[in-house]
Undergrad: 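Sharing a structure with you now.
Because only heavy atoms are used, hydrogens play no part in the values below, and waters and symmetry mates are left out as well, while side chains stay in. None of the values given here were measured: they were computed from a predicted structure.
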Number of protein chains: 2
Amino acid sequence: MLKEERQRTILNEVELHNRVLLTDIAEKLDVSIDTVRRDVKELDGENRLRKVHGGAVSLGFANYSPARNNVYALEQKTAIAQKALGLIKDNSVILIDGGTTCVELARLIPPQQSITCFTLSLPVAMELLNKPNIETIFIGGVLSKDSQISIGANTIHNLSQIKVDYGFIGTGYVDASYGLTEFDWDIVQTKKAVIKASKNTVLLSISEKLNSQHRYRTCDINEIDTMITELEPNHQLLNSFKDQNIKLL
Amino acid sequence: MLKEERQRTILNEVELHNRVLLTDIAEKLDVSIDTVRRDVKELDGENRLRKVHGGAVSLGFANYSPARNNVYALEQKTAIAQKALGLIKDNSVILIDGGTTCVELARLIPPQQSITCFTLSLPVAMELLNKPNIETIFIGGVLSKDSQISIGANTIHNLSQIKVDYGFIGTGYVDASYGLTEFDWDIVQTKKAVIKASKNTVLLSISEKLNSQHRYRTCDINEIDTMITELEPNHQLLNSFKDQNIKLL
DNA sequence: TTATTAATTGCAAAAAACAGCATTTAAAAA
DNA sequence: TTTTTAAATGCTGTTTTTTGCAATTAATAA
């Protein structure tokens, strides 16, 4: 049997069933497991499937990564996410909210880091699935079409059952005196629950959002433990936050 | 024997069987293996076949466009999804499982259709968010990296709280006598819960999966109400399912 | 934790590819 | 026709690729 035939068969099996065991393939093709392993490794190198411990999975939808090309102020958000990474220790339990900054955080978590991560954001969850050492738990509920996160009573109830080490949240608007505000009532309720579910709440926000407000309030500024912007903590734009009981990063 | 003639024979063999061994050709044509090798090398240079270690394969066999939409058997799955759409009535409540066929179903739901849709699949949920008239509820839980669906006790508990009109499920393997089987224990538990949460269970499966099985059983074949493949219901491949208490579409 | 199962590494045998060379064959020129 | 020339073929020894096996290490499950 030619190597090409064998690899074609392997690909076929993988695509058909989404996942196969190396031992099954070896038996089916009547070759040693070493050969199958080498084939799978090669196919993985060619990006035609993904090798996993003990088998292989189809790329199928596995390589879905939300289009990141038109994210506003990506550079600042990346800088914020980088700072946030410093807070995440191995074996900790965290909760990541929705929004592009939070997606960026999820994307940048190093593959070696082993943590448990709750989220209610679909795009964040997609990113986390790419991390081999992260256990991801999705908080279910009614999905909001524009923010792509779970909202509603069920979501809030689920959040009430957990208490994580760090909760990373975004916000629509933030102001030193008005606190965190949003455009949408449901989102506010959900974010309140996220904050309640976190021992430490970390706000991720680009500086452009500072000193802005909207109609519904999530919380007061000093209910946030840490605020991360892309700016240096002593930047003058952050002056109005320095008096508050809040850590700046 | 002329070189031309020999090369034509080689090409014929390759077209006929998709692949060929150099040693076989050499024996069949009664020439040295070096000659065959040189011929094949030449034909490869002319792009009339692909030379591989130990033999040659036809271009169709080896060719794959890296940019192609890499869902396996997309055409069949689209056909299946189309048939399934016929079952979905306005204002009904449905539950969509994971897998590429289910994603295809979600993708094809017309934008005017207004339904309530539960799902435990991340990619399905992403698709549903694009539909303005669908209320989407994500069943939360621990996310399986391979299958990108919620699994585990929490998922099963959440599923136990609902009863939908139609549950559309996929399966790894299906056999008329062994029923639906899977590679993964957790997935099986989850699918059992999905079936229990559905008044009508509809199995979506391409015909290639028929008569295959794996180690863990989800359910017996007659626990499924309707099975949809890309084939006509009276196709002979479906004969073994006709005796069962199951509707074929 | 321990037990089990995979992955990795190094190695050796077998098969295939390659390069160089000698011989044969086929076509062109005399 | 014969001679010349270039191409084609087969052979030899060497190098590379492929494959399976065994020992060690890593990862996962109980």
Undergrad: Rounded to whole angstrom units, what separation is found between the CE atom of A:Met1 and the P atom of D:dT19?
TA: 11 Å
Undergrad: C:dA16 P sits how many Å from B:Asp24 CG, rounded?
TA: 10 Å
Undergrad: May I ask you to check whether B:Gln76 and B:Ser207 show a side-chain donor-acceptor distance below 3.5 Å?
TA: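 No, because no side-chain N or O of B:Gln76 sits under 3.5 Å from a partner of the opposite role on B:Ser207.
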Undergrad: Does A:Lys3 place a side-chain N or O at less than 4.0 Å from the phosphate oxygens OP1/OP2 of D:dT18?
TA: yes
Undergrad: Could you state the CD-P distance from A:Glu135 to D:dT28, rounded to the nearest angstrom?
TA: 13 Å
Undergrad: Tell me the interatomic distance from B:Arg215, atom CZ, to C:dT5, atom P, rounded to whole angstroms.
TA: 11 Å
Undergrad: Find the distance B:Arg38:CZ to D:dA7:C1' and express it as a whole number of Å.
TA: 11 Å
Undergrad: Using a cut-off of 4.0 Å on non-hydrogen atoms, how would the nucleic acid contact of A:Ile33 be classed: base, sugar-phosphate, or nothing?
TA: nothing
Undergrad: Considering heavy-atom distances to DNA chain C, does B:Thr23 or A:Gly55 have its closest nucleotide positioned more toward the 5' end?
TA: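 Counting from the 5' end, the first nearest nucleotide belongs to A:Gly55.
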Undergrad: On DNA chain D, check which nucleotide each of A:His53 and A:Leu2 is closest to and give me the residue with the more 5' one.
TA: A:Leu2
Undergrad: Does anything in residues 118-130 of chain B pair up under side chain to side chain donor-acceptor pair (under 3.5 Å), and if so which pairs, sequence neighbours excluded?
TA: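 Side chain to side chain donor-acceptor pair (under 3.5 Å) check on residues 118-130 of chain B returns no pairs.
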Undergrad: Once you build an axis from the first five pairs and another from the last five of the helix from C:dT1-D:dA30 to C:dA30-D:dT1, how far apart in angle are they, to 10 degrees?
TA: 40°
Undergrad: Check every atom of C:dA17, C:dA7, D:dA22 against the side chain of A:Asp34 and return the nucleotide holding the closest atom.
TA: D:dA22
Undergrad: Does anything in residues 4-38 of chain A form a ring pair (Phe, Tyr, Trp, His ring centres under 6.0 Å)? List the pairs, not counting sequence neighbours.
TA: A:His17-B:Tyr173
Undergrad: Measure from the side chain of B:Thr35, starting at C-beta and using heavy atoms only, and say which of D:dT9, C:dA7, D:dT18 lies closest.
TA: D:dT9
Undergrad: Taking the six-membered ring of B:Tyr178 as reference, does the NZ or CZ atom of B:Arg217 fall below 6.0 Å from its centre and within a 45° cone about the axis?
TA: no
Undergrad: Do the side-chain N or O atoms of A:Lys41 get closer than 4.0 angstrom to the phosphate oxygens (OP1, OP2) of C:dT8?
TA: yes
Undergrad: If we ignore hydrogens and angles and just use 3.5 Å, is the side chain of B:Asn211 paired with the main-chain N or O of B:Asp175 as donor and acceptor?
TA: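 A pair under 3.5 Å: no.
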Undergrad: How would you label the contact of B:Val40 with the nucleic acid (heavy atoms, under 4.0 Å): base, sugar-phosphate, or nothing?
TA: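 Touches nothing.
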Undergrad: So, does A:Arg6 get its side chain near the phosphate of D:dT19, meaning an N or O under 4.0 Å from OP1 or OP2?
TA: yes
Undergrad: Any side-chain N or O of B:Lys51 less than 4.0 Å from the OP1 or OP2 oxygen of C:dA17?
TA: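 So the side-chain polar atoms of B:Lys51 do come within 4.0 Å of the phosphate oxygens OP1 or OP2 of C:dA17, strictly under.
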Undergrad: How long is the line joining CD of B:Glu42 and C1' of D:dT9, in whole Å?
TA: 13 Å
Undergrad: Given atom CZ of B:Arg37 and atom P of D:dT16, what is their separation to the nearest angstrom?
TA: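 These atoms are roughly 15 Å apart.
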Undergrad: Can you give me the closest heavy-atom contact between A:Ala197 and A:Leu159, atom names plus distance?
TA: CB-O, 3.5 Å
Undergrad: Can you tell me how far P of D:dT18 sits from CD of A:Glu5, to the nearest Å?
TA: 15 Å
Undergrad: Quick check on side-chain hydrogen bond (donor to acceptor under 3.5 Å, both in side chains): which of A:Arg48, A:Arg37, A:Lys3 does A:Glu42 satisfy it with?
TA: A:Lys3
Undergrad: Counting only heavy atoms not in B:Lys163 (residues, nucleotides, ligands), do more than 12 fall under 6.0 Å from its NZ?
TA: yes
Undergrad: Need one value for B:Val36: base, sugar-phosphate or nothing, where a base atom within 4.0 Å counts as base even if backbone is also close, heavy atoms only.
TA: nothing
